[in-house]
There are 2 protein chains.
Amino acid sequence: MASRTADTTRSDAAAGPPTRPGGRSARVRTAVHRAVIELLAQAPAEQLTMPVIAARAGVHPTTVYRRWASLGDLLSAVAESRFTDDLVVPDTGSLRGDLRRWAADVATDLTDPETLAIIRAALGTSTEGGCACIGERRTQLGSMLDRERDRGGAVPTVDRAADMLMGPIYFRALFTERPGGADWARELADTLVDHCTQPQPSPA
Amino acid sequence: MASRTADTTRSDAAAGPPTRPGGRSARVRTAVHRAVIELLAQAPAEQLTMPVIAARAGVHPTTVYRRWASLGDLLSAVAESRFTDDLVVPDTGSLRGDLRRWAADVATDLTDPETLAIIRAALGTSTEGGCACIGERRTQLGSMLDRERDRGGAVPTVDRAADMLMGPIYFRALFTERPGGADWARELADTLVDHCTQPQPSPA
DNA sequence: GCATTATTGCAGCGATCGTTGCGTTGGTGC
DNA sequence: GCACCAACGCAACGATCGCTGCAATAATGC
């Protein structure tokens, strides 16, 4: 993955990007995303095909085929769109309060069957589908830790915080039938904060 | 079979399906399972269909359709078979040693791309596919904790141990491109053991 | 061995999928 | 308003999927 030199071929001043984020395109994308979410909530991902999605969205199958290269790409896009909308990072003034509220929000969000279905499908089809689901969550976690560090407090690394918070929350939601509740998630945050000053495992 | 024989001590306890576990059926099942694993390691799960599996396994597609109701059932069966084979529960004499070795084994196992692909696919297709992947792991965890409890030691609950060990390990393996290594997993076990006597979050 | 029957192979069929060429709609800039 | 062109709808096609008859094979019990 060699880093290329500064690429100036993108977004020239004169020539605008060939895309067209017009009103109809936005409507189609919204309709297709909604159709994917609704269908995943009803039937298993095995029966999710492009024509079925198109019919549910009220658009022609050709449109879906042309706009999204594969079903995996579509699912990744749906997941990314779904998990980047609500970016309300808590700011309670203390790391403990922020993490408690954030963990409770994440755990509560994963209670929704539709949300779970999207994550399952995105994980199943494309390899990078998982990253699309949690990328924004990890950024939120990092911003809260940075804020505490600016206040002069001792904070764990982002990796360790993700391990101790997102790890149990997502694991329970995906692999067990009974996901953890908000109280349980808050106690996860307490556990992390109580031990964040101790020697931490370094990621291998 | 009109008359009931006296001693029907056939191997129906843990042999397999009660119908006819003959040599050919076993060969077909093995071949199909192997084909699923190999195909998942090569192409994304999206391209995994019954005829493709059958061709790879060297059997007729009809056979696959008749033996497994759906692709989700087949994937769950493959996952369950894959994760119930190696049942080597560590017994080092101490809870810390057991958990350290067990966590390292689990983390190392999830390094294999084939294993990851099976879990992803099983999670994506059927809802209960996730349970088929981790059911045995959880049992192993419980047996190690029971052993320590019999020795008189203080042990965390199975839920908490699963949260702190399986949570981070599976989360990193599934949602990030860089899964945790054996050393990192051992330190997870250390963290759990060091805090197992403190007040524990009760599952919600 | 021999009969029984579960299991597999085979051929073929509707249905659906994924793609392509072309005409039409509608967003964008003037 | 008007022209331009990206985006969408439409129709048709080959390919593949999923299923169902019936025949052949081989595992099981006697």
Side-chain angles (χ1 to χ4, degrees), chain A residues 11-36 39-40 43-75 77 121 125-126, chain B residues 1-13 15-36 39-40 42-75 77 121 125-126:
Chain A
S11 70
D12 291 337
T19 60
R20 182 186 282 188
R24 185 169 64 168
S25 294
R27 278 200 304 274
V28 168
R29 179 169 49 217
T30 302
V32 170
H33 283 204
R34 185 188 208 84
V36 170
L39 288 172
L40 278 179
E46 184 181 349
Q47 305 173 6
L48 193 72
T49 61
M50 296 290 217
V52 173
I53 295 171
R56 177 81 175 208
V59 297
H60 206 266
T62 316
T63 301
V64 184
Y65 281 115
R66 280 201 264 250
R67 276 179 66 113
W68 292 274
S70 67
L71 189 60
D73 290 344
L74 175 55
L75 286 174
T125 51
S126 62
Chain B
M1 50 188 73
S3 63
R4 295 286 300 163
T5 55
D7 55 345
T8 59
T9 59
R10 294 187 310 271
S11 59
D12 57 353
T19 52
R20 183 188 280 190
R24 185 168 65 163
S25 294
R27 278 199 306 272
V28 168
R29 178 171 49 217
T30 301
V32 171
H33 283 204
R34 183 189 210 86
V36 169
L39 289 173
L40 279 178
Q42 295 177 356
E46 185 180 349
Q47 304 173 6
L48 193 72
T49 60
M50 296 290 217
V52 173
I53 296 171
R56 178 82 173 208
V59 298
H60 208 266
T62 317
T63 302
V64 184
Y65 282 114
R66 281 200 263 250
R67 277 180 66 114
W68 293 275
S70 67
L71 189 59
D73 290 344
L74 175 55
L75 286 173
T125 50
S126 61

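Each chain gets a letter, A, B and so on, in the order its sequence line appears, and its residues count up from 1.
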Check whether any side-chain heavy atom of B:Tyr65 sits under 4.5 Å from a side-chain heavy atom of B:His60, and report yes or no.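 With C-beta onward as the side chain, the pair stays apart.
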
Is the closest side-chain heavy-atom distance between B:Thr63 and B:Val32 below 4.5 Å?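 With C-beta onward as the side chain, the pair stays apart.
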
Protein-nucleotide distance ([X], atom [atom1]; [N], atom [atom2]), rounded to Å:
X: B:Glu46; N: C:dC17; atom1: CD; atom2: P; answer: 13 Å
X: B:Leu74; N: D:dG18; atom1: CG; atom2: P; answer: 12 Å
X: A:Arg24; N: D:dC5; atom1: CZ; atom2: P; answer: 17 Å
X: B:Arg27; N: C:dT7; atom1: CZ; atom2: P; answer: 15 Å
X: B:Arg66; N: C:dT8; atom1: CZ; atom2: P; answer: 9 Å
X: B:Arg29; N: C:dA6; atom1: CZ; atom2: C1'; answer: 14 Å
X: B:Gln47; N: C:dC17; atom1: CD; atom2: C1'; answer: 14 Å
X: B:Leu71; N: D:dG18; atom1: CG; atom2: P; answer: 8 Å

Closest approach to the side chain of [X], judged atom by atom: which nucleotide of [options] is it?
X: B:Val28; options: C:dG18, D:dA7, C:dT8; value: C:dT8
X: B:Thr49; options: D:dG18, C:dG9, C:dC17; value: D:dG18
X: B:Met50; options: D:dG18, C:dC17, D:dT20; value: D:dG18
X: A:Thr63; options: D:dC17, D:dC22, D:dC8; value: D:dC8
X: B:Ser25; options: C:dT25, D:dC17, C:dT7; value: C:dT7
X: B:Tyr65; options: D:dC19, D:dC10, D:dC8; value: D:dC19

Residue met sooner reading DNA chain C from 5', once A:Thr62 and A:Val52 are mapped to nucleotides: A:Val52

Which heavy atom of [X] sits nearest to which heavy atom of [Y], and what is that distance?
X: B:His33; Y: B:Leu74; value: CD2-CD1, 4.3 Å
X: B:Ile53; Y: B:Ala35; value: O-CB, 3.7 Å
X: A:Thr125; Y: B:Pro44; value: O-CB, 3.6 Å

On DNA chain D, does the nearest nucleotide to B:His60 precede the nearest nucleotide to A:Arg67 from the 5' side, or the other way round? Give the residue.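 Looking at DNA chain D, the more 5' nearest nucleotide goes with A:Arg67.
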
